[in-house]
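The basis for the numbers below is simple: all heavy atoms, side chains too, and nothing from hydrogens, waters or symmetry mates. As the structure lists them, so they are numbered: ligands from 1, and atoms in each ligand from 1.
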Amino acid sequence: MIIFHNKSKLSHHIDELKAKGNSIGFVPTMGALHNGHLSLVKKGLSQNDIVVVSIFVNPTQFDNKEDLEKYPRTLDADTALLKTVCDKKIIVYAPTIKDIYQDAIESQKFTFNGLEHEMEGAFRDGHFDGVGTIVKRLFEIVQPNAAYFGEKDFQQLQIIKKLVELHKIPVKIIGCAIHRAKDGLAMSSRNTRLTKEQRDVAPFIYKTLKTAKAKFGTKSAKYVTEWVEKQFKKEPLLDLEYFIIADKTTLKPVKRKSTKKIYRAFIAVYAGDIRLIDNIALN
Ligand code: PAF
C-alpha cells in the first residue's frame with residue numbers, strides 16, 4: 001500500500017494510473033478508521049480498480065477547538081486496518097495541514113441552496129464551509145471517478161451532492177448505508193472517546209430513533225418530537241441537542257406531514273463532551 005503525504009506526488013501517481021485505464025474510487029476520511037469506513041472502501045473496490053483513502057483531520061470544519069484537539073489521530077493503526085482489506089489496490093493520502101492549506105487555514109464560503117442552514121449547519125458555525133472547502137480540494141487533487149460517503153452524515157452527503165452539482169465537478173457521489181455496532185450504535189470515530197458508562201448507554205440513541213419511526217406512522221411530527229425529548233430527559237448520561245424530523249431532500253423541518261413527501265429523523269446528542277449524531281428514514 002502506498003502512502004502519500006504530498007499532493008503533487010499523489011496527483012502524478014494517479015495520472016499514471018488513469019493513463020493506464022484504471023478507474024479511481026475515493027473515500028475521504030478524518031482517520032480513526034472503523035468498520036463503517038472499511039465498508040465504504042470495500043464498496044469503492046467493488047466498483048473501481050483503485051481506491052484512494054484520504055486521512056486528514058480538517059481543522060476548518062471544527063467549530064470547537066477542544067473537539068479538534070481531542071479528535072483521535074491513529075495513522076499507523078488506520079493503515080494497518082486498510083491493509084487487512086487489500087494491500088495492492090488502496091492508496092492512502094495523509095497530507096500535512098500545509099499540503100492542503102499552505103499558510104492560510106481558512107474556509108471558502110459556500111451556499112448549498114439552503115441545505116447548509118439546517119441542523120448541523122445551525123448548531124456548528126461554519127462547519128459546512130469547512131467541509132465544502134476540504135472536499136472540493138480533495139476532489140481537485142484526487143480527481144476520482146466516484147466518491148463514497150456514509151449516510152450517518154446524511155446532511156453532509158446531501159451537501160456534497162449539491163457541491164458537485166453547483167460546481168460542476170465530474171465525480172459520482174455514492175451514499176452508503178449507516179454501519180452500526182451490534183447494539184445499534186452508529187459507527188463513528190468519536191465512539192472511541194466514550195467511557196464505558198457512556199458507551200453502554202449510547203445505543204439508547206438508535207433505540208429511540210426506531211421507536212420514533214414506529215410512532216411517526218400514526219402520530220404527528222410534533223407529538224413524536226416531544227416524545228423523544230421526554231425520553232432523553234430520563235437519561236442523565238445523554239444530553240439531547242436536537243431531534244428534528246425533516247424533508248429528506250430539502251432538509252427543512254416538517255410543518256405538516258404529507259403522504260407525498262419522504263421524511264427522515266435527525267438527532268444530535270452529547271455524551272459528556274462527545275457529540276454523536278444519527279438519523280433514520282421514516283417512510
Ligand atoms: O465525514 C468526514 O469524515 C469528513 O467530514 C470528511 C468528509 C472526510 C471531510 O473532512
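Under the 3.5 Å distance criterion, with hydrogens and angles disregarded, a donor-acceptor pair is assigned to the side chains of Glu120 and Tyr242.
Taking the six-membered ring for Trp and the full ring otherwise, the centers of Phe243 and Phe232 sit at least 6.0 Å from each other. For Tyr263 and Phe216, the ring centers sit closer than 6.0 Å to each other.
Contacts with ligand 1 closer than 4.0 Å are made by no heavy atom of Ile160, backbone or side chain.
Contact atoms of ligand 1 toward Ile134: 9 (C), 10 (O) (distance under 4.0 Å to a heavy atom of the residue). Close approach of ligand 1 to Pro28 is summarised as follows: ligand atoms under 4.0 Å from at least one heavy atom of the residue are 8 (C). For ligand 1, the atoms sitting less than 4.0 Å from at least one non-hydrogen atom of Thr29 are 8 (C), numbered in the order shown with element in parentheses.
Here atom 10 (O) of ligand 1 lies nearest to Gln61 when heavy atoms of Gln61, Gln156, Arg137 are compared.
When the options Ile280, Ile159, Ile277, Asn279 are evaluated for a side-chain contact (heavy atoms from CB on, under 4.5 Å) with Phe154, the one that passes is Asn279.
At the top of the distance list for atom 3 (O) of ligand 1, counting protein heavy atoms only, stands Met30 CG, 3.7 Å.
Classification of the Phe110-His167 ring pair by plane angle, with boundaries at 30° and 60°, yields perpendicular.
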